[in-house]
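Just below is one structure, and these are the notes that go with it.
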Amino acid sequence: MKKQTIAIVGLGRVGSVFLEALLGKANKGLKIVAVAEKSDTPGTRLALAHGIEVLDVDGLIGKSGNVDIIFDLTGMSAVRQELRDKLSKSTNRHTVIATESIARMIWLFITDVDLPDVHAGAGY
């Protein structure tokens, strides 16, 4: 089975619990290859404890050829636009950016716990 390679941008309240849930599904065909976060959060510590690289956005874009899906869980439209612009300039036509809406849908399938609702209305 081909593993889906995943990166997460934003490891605050939403991203940290999303990372933890995905780590629990790693044997189901997911591989988290990198995360991007500026702050020291429980999520960054969890990522490091599991040997996952903690990068900035530029570092993540440089690695994006090896990433199938980037989950943008920052809730910040400026970060999402930065990801789009830099991914486009990289000529990578493989990696897709998934928004909080997609993350929430996936969350419903992988856990019965509520995902924190801190980014309401972030949209595309």
Side-chain angles (χ1 to χ4, degrees):
M1 172 193 317
K2 181 186 182 307
K3 286 192 180 252
Q4 288 291 295
T5 55
I6 307 294
I8 299 172
V9 178
L11 291 174
R13 289 178 282 175
V14 173
S16 291
V17 295
F18 194 75
L19 170 63
E20 186 174 8
L22 288 184
L23 286 169
K25 301 296 182 182
N27 63 343
K28 303 284 186 186
L30 297 175
K31 181 177 181 186
I32 303 163
V33 296
V35 296
E37 174 59 50
K38 293 179 182 179
S39 303
D40 177 31
T41 68
T44 56
R45 291 188 294 275
L46 181 62
L48 291 170
H50 281 86
I52 299 168
E53 284 186 281
V54 178
L55 306 167
D56 60 11
V57 169
D58 288 330
L60 181 59
I61 295 301
K63 187 178 197 66
S64 65
N66 297 321
V67 177
D68 296 315
I69 304 166
I70 297 174
F71 284 94
D72 172 20
L73 303 179
T74 64
M76 299 171 58
S77 60
V79 172
R80 185 154 307 135
Q81 189 61 50
E82 178 184 10
L83 283 167
R84 283 190 205 122
D85 292 346
K86 289 182 176 183
L87 197 56
S88 177
K89 288 178 185 169
S90 76
T91 68
N92 175 336
R93 300 296 176 254
H94 169 77
T95 304
V96 296
I97 300 169
T99 64
E100 288 97 345
S101 299
I102 302 299
R104 286 188 184 288
M105 183 187 70
I106 290 168
W107 185 261
L108 294 172
F109 293 114
I110 63 175
T111 185
D112 292 326
V113 178
D114 288 338
L115 189 64
D117 190 17
V118 295
H119 300 154
Y124 179 71

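What's counted below: heavy atoms across the whole structure, side chains too, no hydrogens, waters or symmetry copies. Model, not experiment: these values are computed from the prediction. Positions are given from 1, in the same order as the sequence printed here.
Here I8 contributes atom CD1 and L60 contributes atom CG; the two are 10.5 Å apart, rounded to the nearest 0.5 Å. Put simply, CG on L19 and CD1 on I32 are 5.0 Å apart, with the number rounded to the nearest 0.5 Å. In this structure, the separation between CZ on F18 and CD1 on I110 is 5.5 Å, given to the nearest 0.5 Å.
Looking at T41, its side chain does come within 3.5 Å of a backbone N or O of G43 through a donor-acceptor pair. Counting only distance, with no hydrogens or angles, the side chain of Q4 and the backbone of I69 share no donor-acceptor pair below 3.5 Å. With D72 contributing its side chain and T99 its backbone, the two residues share no donor-acceptor pair below 3.5 Å.
Under the 4.5 Å side-chain criterion, counting only non-hydrogen atoms from C-beta, L30 is not in contact with L23. Within the 4.5 Å cutoff, the side chain of N66 has no heavy atoms near those of the V33 side chain. Side-chain contact check for V96 versus D68: every heavy-atom pair is 4.5 Å or farther apart.
Each of V79, L83, D85 was checked for a side chain to side chain contact (heavy atoms under 4.5 Å, CB included) with Q81, and the lone residue meeting it is D85.
When all heavy atoms of A103 and L73 are compared, the closest pair comes out as CB-CD2, 3.6 Å. Across all non-hydrogen atoms, the minimal contact from I6 to L22 is CG2-CD1, 4.1 Å. Annotation for A34 and L55: closest pair CB-CD1, 3.8 Å, computed over non-hydrogen atoms.
Judged as a salt bridge (charged side-chain N to carboxylate O under 4.0 Å, His left out), the pairs with a partner in residues 31-42 (not counting sequence neighbours) are, in order, D40-R45. Annotation: side-chain hydrogen bond (donor to acceptor under 3.5 Å, both in side chains) contacts involving residues 55-65, sequence neighbours excluded, comprise E53-K63, D58-K86, S64-N92. Sorted by first and then second residue, the salt bridge (charged side-chain N to carboxylate O under 4.0 Å, His left out) pairs with a member in residues 88-99 form an empty list; sequence neighbours excluded.
In this structure, E82 places its CD atom where more than 12 heavy-atom neighbours from other residues, nucleotides or ligands lie under 6.0 Å away.
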